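A short write-up of the structure that comes next.
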Amino acid sequence: MSTAVNIIVGSHVWVEDPAEAWIDGKVTKITGQEAEIETFSLKKVVAKLSNVYPKDMEAPAGGVDDMTKLSYLHEPGVLQNLRTRYELNEIYTYTGNILIAINPFQKLPHLYDSHMMEEYKGAPFGELSPHVFAVADVSYRAMIKDGKSNSILVSGESGAGKTETTKMLMRYLAYLGGRKVTEGRTVEQQVLESNPVLEAFGNAKTVRNNNSSRFGKFVEIQFDKHGRISGAAIKTYLLERSRVCQINDPERNYHCFYLLCAAPQGEIEKYKLGSPKSFHYLNQSKCYELGDVNDAHEYLATRRAMDIVGISKGEQEAIFRVIAAILHLGNVEFTKGKDIDSSVLKDDKAKFHLKMTAELLRCDSVGLEDALCKRVMITPEEIIKRSLDPLSAAVSRDGLAKTLYSRLFDWLVEKINVSIGQDRTSKNLIGVLDIYGFESFKNNSFEQFCINFTNEKLQQHFNQHVFKMEQEEYTKEAIDWSYIEFVDNQDVLDLIEKKPGGIVALLDEACMFPKSTHETFSNKLYQTFKNHKRFVKPKLSRTDFTIAHYAGEVQYQSNQFLDKNKDYVVPEHQDLLGESTCPFVAGLFPPIAEESPKSSKFSSIGSRFKLQLQQLMETLSATEPRYIRCVKPNNQLKPAIFENVNILQQLRCGGVLEAIRISCAGYPTRRPFFEFVNRFGLLAPEALTGCDDEKVTCEKILQKKGIKGYQIGKTKVFLRAGQMAELDARRTEVLSSAAKTIQKRIRTHIAHKQFIETRKASAVIQSFCRGRLACKRFDQLRRITAAIKIEKHFRRYRASKAYSSLRMSAIKVQAAVRALKARKEFKVQKQTKAIIKIQTRWRGHRSSSHYKRLKKGAIVTQCRWRGKLARRELRKRKMAARETGALKKAKDKLEKQLEDLTWRLQLEKRFRADLEEAKAIEAQKFQNSLEALQKKLAEANATVVKEKEAARKAIQEAPPVVQEKEVIIEDTKRIESLMKEVNSLKTLLDSEKQQSASLQKKYAESQECSEERRRKLEDSENKVQQLQDSLSRLEEKLQNLESENKVFRQQAVSMTPNKFLLRSKSILQRSDSGHLYADTKPQALDLHSVSMNQRDLSELDDKPQKSLNEKQVENQELLIKCIAQHIGFLGDRPIAACIIYKCLIQWRSFEVERTTVFDRIIQTIGQAIEKSQDNNDILAYWLSNASTLLLLLQHTLKASGATAGLGPQRRRSSATLFGRANNSFRGVPQGVNLPFVNGNLSALDAVSQVEAKYPALLFKQQLTAYVEKIYGMIRDNLKKEISPLLGLCIQAPRTSRASLVKGASRSVNNAAQQALIAHWQGIVKSLRDFLNTLKTNHVPPFLVRKIFTQIFSFINVQLFNSLLLRRECCSFSNGEYVKAGLAELKDWCYNATDEYAGTAWEELKHIRQAIGFLVIHQKPKKTLEEISRGLCPVLSVQQLYRISTMYWDDKYGTHSVSPDVISSMRVMMTEENNAISNSFLLDDDSRHTTGKGEMLFTWTVNQL
């Protein structure tokens, strides 16, 4: 696989490592045939060149999906590729047509959902990513196409995922071949439900796995001639029977024994069981329990599984009685008897177990003891009964136990097959083989020998298949392969099974001799095979032997080979158990033929094993094989752990490395021409110039480099082992030379640049020094200038200071003089002011004294005069007090007047209450004023009473004269004020009387007005009554004439549209003769002529009247004939829809309870679209007419009372379909141009809404269904048209490297660019033609927008799913290609305008963002936040992870996102998987839309 000459210093290589199997490093030194390698852990390793393998430094970062594409097909390359893909959760990898499946030990639901099955259905093998579905699909397709059965061989060690892989295979086959349901369960479900039963009785703990299958299972999925599943069957092979009696530590026996020991206490007591430690067949090993398994729960689960597969309770009890009997049988021990070579039961314990065995098997205990301890020999003279020694009796006991268990297992398999349902007439089947893999332990016994023998047989079959595939590949590429040698393992098989000198034959021969031991058997092997290259005698052992298998050497311990191989068929056992009273046990031992001799016949497990293996190989040879190799990445059974040594061993055991050796024997390296040219074109640049044939270019490159033994196929270059490394070495030399040239140029450039920089630096230093000198000179001049300036300022300061001192002295003198003068003037002014103030005070005192004297004299005079007047007034008051009675009378008079006024006011109030409401406010004001007057009067009365009391007290208690004067004065004033109030009240009373009079006058006038109005109201009521009487009489007349009106109406129905239909007939005649054009005059189809009814009636009066039914039939025939033709459009109006609508309105078909016209219209539409399902032009025509007619019906029809008779479901559907659009046609969508739309609503307003009967509503529902059906057919036709192009648009066509080299013409590049986007232009052309068709037929724009929205959603789903499933599509150049195609779609949307394209462009958001991620630069610098929030906000974490791990840059060689981002995505996916499992694939929701009844009218309501 490699040659030493290809390794040079600087090469990256793989070297062996004890811990990691292989580690990579770089060659630092080569000494002779040894190389010193520095690993990436900075460790120095010295290895021979023959043990060093080259490493491909240009391998894709995400690995390759098919390992035949590896540049170096060797162990470390295979291991590294598997590791890389496993770290990206890519658990499947091809090796040719072999699938390697690595168990992820975690759920990956996105790999197995229905979307994934849909993607792999019918896909060519190898086109999509490796998957178990791809293997199942190619097997199914091959079976259907070739009519030959196929088989899928699933192998691997325990825990590698064989059972889960088998489940996925059967699930996918059921998906392809339909599902046959038996008793509510599908075939694959029944097969899977049988697994717990088979695992309980056929699985056991081994050294490497706790649940290892100790038998081979071949599941046949049977198909009928139509490719549908018709049945299934399970065949078991090679059950490890010896395990029942002998096990090694730390293994366990079959699970069922331990499950029964952990059964409920009642069953344990019934079977007299105990701990597994108490049974000989179980205590040979110290392992009794499994850490993570509860045997008690597993026992109940097994019983439930047996119920599911159809095993009855009685049969279950019998099964576990047999299991318990085997355990008791193992405890039956023997010792020497009294006679020579005889045996008896050892003790009472043995007798107890023998008795329990007999009870459980329902046989005679004495007969059982004789069958174990004695043998019957038949001679011609007599029948001899011979006793057996204890050892022979124990062998007889173990033989009975193995026979019982083997037949019980066979019965279980047969029962399961009966439950599943086997189709014995089926000729086509797909078999899935699940069998144990190669085993090599520290101690290997007879079981490992048989298992490895099986795997040798399967490996030979596998090698033949691989070699056959190699031959097919070479034949396909038309290369010479006659000298290639086939790697075969027939010598190992001859060593094991050849007769008479094979190991199995020698083992059977040794078992037939009673005195043979394992030492004699081993010596026989040593003597027979001492010169065999596959047989090795160990140096430190006398009984062990080693066989060099294909997977490596295995050393076997032969000390138990003889015991485990013996399997006697004892007639005594057959007779004893055949006569058991238990039907189940008796059924396991059916009676043998009469002619069979009743003597012991030797039978060995090895020979039986070989026979079953031969049958299995015959079955596999009759089928076309497929291989799946399951690999367990670690022994901890945990995710994300990849153990190199463990996996490498499994690859060897699984034959994968053997297949690689077969490939290496021929041409292990195969490269397509374009890849070879891209990689090695630099070795011969002249071969690339002027040559467009890549095949010729490849041959020139190989010839120039002197490569011998290669082959040039039709599409690939085939290289022998080591030639790829040689080419890479040459390529490395060229690149190294180029690198040295580049380094020389770079170093020259750097030295020149340094010189330039040094020269520039010296100039800078010089300029700096000169600048410093100039700065110093400048500083000196500046200091001199500063000194001069300081002197100047100092002198100025000194002069200024002298001047300021002199000036301040002068100011101080002036201030003192002026202050002295001011103080003198202030003193004079102060004296003058004091004099004036003294004069003023004196003059004021003098005037005040004079005034006080005058005032005092005036007051005295006034007092005397006022006293005189007071005495005079007192006398008058005393006289008035005597006249109190007169005052009381006056008071009574006033009270009487007040009562009179009150009575009058109340009367006025009653009058005003009867007046109209307009005078209510004035009456309220009058009432308020009256209450105020009453209050004032009450206050006046109270005042009078108080004054009288005060006068009385004044008279009785005569105060002094002065006080009397004051009292008299006060009383007099009070009286005067009261008199004034009385006078004012009188005046107010007079004014109120005047107002009352005016109010009475107005009340009289209003009463007269109201009386007049009352008379008019009575007259109006009389007129209304008369009108009501007239109306009732008219209603009676109307009811009397209703029957006559119905008759006249029916006559009008038959006669009215006659002339209209005659015109339609003339239109049909003209259309038949080819004279109907789109520019027909509108007068020819005036659908709203009102006068035509009268003309038709007058014309028909002269003709003989036909019967009503004949008229209806004739008119309907004419209408159906009219609409059945493609009569086109009048302007942008669909003529057929308008004709149907007008006829139905004028015939009043919506109001009748029974009619056939609706059914005939629907039938006509249905026939038209059924004949033209693929003609989008016809479908668009009917979609336009049907949608227009539906909109007209929606405006015209309304639900009537007749719909009450409908069922609740029918009423509810009508409400949901049509109820929400009743008032939505005032703004009809643009494009639905009808005669009553766009400026002319009078015609439609003239047609009032009609109460629709049941036929009309049913017609509208049927019409809705047809609109949806036509819509779906048009959309699906476009999908079918563009689907083939979408498959070509996701991946860019490969272009020749030679066409892109320097010197190619611009026209060639332009032609290449046009060829690249040809498929996209095909899609755009289909969309453009489709849009023109819809426009020509005037389909409403809102329907057009919805169609294109769903089409673009379909494009998005198909492109995005294909991108995620095909790694070759996730490249930089392919992203640029798809981006250019999406730009074509964007231009189409722009040209189509929003009226028709709508939001279709937004539906491509997933593929747009995915492509944007592929073509963005500097991906490693992007964070997860920037990617998920900014760049790809729509994509999920699973989708981003998938694209990130599959991305590869074939243009610039850049890397994907950083490992930290990948780790963050993996953590987020793990968290999301715990919550909910989502697929990373998209679902095409558009195909489910047409099933919704409200779809179109929901759109209509939204648009309107």
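Everything numeric in this text was worked out from a predicted model, so none of it was measured. Both backbone and side-chain heavy atoms feed into the values below; hydrogens, waters and symmetry mates do not.
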Donor-acceptor contact present, side-chain [X] to main-chain [Y], <3.5 Å:
| X | Y | result |
| --- | --- | --- |
| Lys402 | Arg397 | no |
| Ser445 | Glu447 | no |
| Asn331 | Ser278 | yes |
| Glu220 | Gly231 | no |
| Thr302 | Glu298 | yes |
| Arg375 | Leu388 | no |
| Ser516 | Ala510 | yes |
| Asn417 | Ile234 | yes |
| Thr520 | Thr517 | yes |
| Asn253 | Arg243 | yes |

Which heavy atom of [X] sits nearest to which heavy atom of [Y], and what is that distance?
| X | Y | result |
| --- | --- | --- |
| Gly310 | Lys415 | O-CE, 3.3 Å |
| Phe609 | Thr454 | CE2-OG1, 3.0 Å |
| Leu506 | Gly501 | CD1-O, 4.1 Å |
| Thr581 | Pro583 | O-CD, 3.4 Å |

Within the 3.5 Å criterion, strictly below it, is a donor on [X] or [Y] matched to an acceptor on the partner's side chain?
| X | Y | result |
| --- | --- | --- |
| Thr623 | Ser151 | yes |
| Asn452 | Lys457 | no |
| Asn211 | His255 | yes |
| Asp249 | Ser285 | yes |
| Ser607 | Ser604 | yes |
| Gln284 | Asn248 | no |

Could you tell me which residues satisfy salt bridge (Lys or Arg N to Asp or Glu O under 4.0 Å) with Lys346, sequence neighbours excluded, listed by chain and number?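 Partners of Lys346 under the salt bridge (Lys or Arg N to Asp or Glu O under 4.0 Å) test: Glu333.
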Contacts of Glu199 that satisfy salt bridge (Lys or Arg N to Asp or Glu O under 4.0 Å) - sequence neighbours left out: none
Lys524, NZ: over 12 other non-hydrogen atoms inside 6.0 angstrom: no
Do other residues, nucleotides or ligands put more than 12 heavy atoms under 6.0 Å from Glu289 CD?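 It does not: Glu289 CD has 12 such atoms or fewer within range.
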Can you find a pair of side-chain heavy atoms, one from [X] and one from [Y], that are under 4.5 Å apart?
| X | Y | result |
| --- | --- | --- |
| Ile323 | Tyr271 | no |
| Val293 | Asn210 | no |
| Asp398 | Val244 | no |
| Gln560 | Phe446 | no |
| Phe279 | His328 | yes |
| Leu433 | Leu616 | yes |
| Phe334 | Val344 | no |
| Glu240 | Tyr254 | yes |

Can the ring centres of [X] and [Y] be said to be less than 6.0 Å apart?
| X | Y | value |
| --- | --- | --- |
| Tyr405 | Tyr281 | no |
| Tyr299 | Tyr258 | no |
| Phe545 | Tyr556 | yes |

Side chain to side chain contact (heavy atoms under 4.5 Å, CB included) between His461 and Leu620: does it pass, once the steps are laid out? CA-CA 9 Å; His461 184 267; Leu620 295 179; 4.1 Å; yes
Candidate list Leu577, Leu329, Leu576, test side-chain contact (heavy atoms from CB on, under 4.5 Å), partner Leu361, passing option: Leu577
Hits for side-chain contact (heavy atoms from CB on, under 4.5 Å) against Val504, two or more places apart or cross-chain, chain-then-number order -> Phe449, Ile496, Asp508
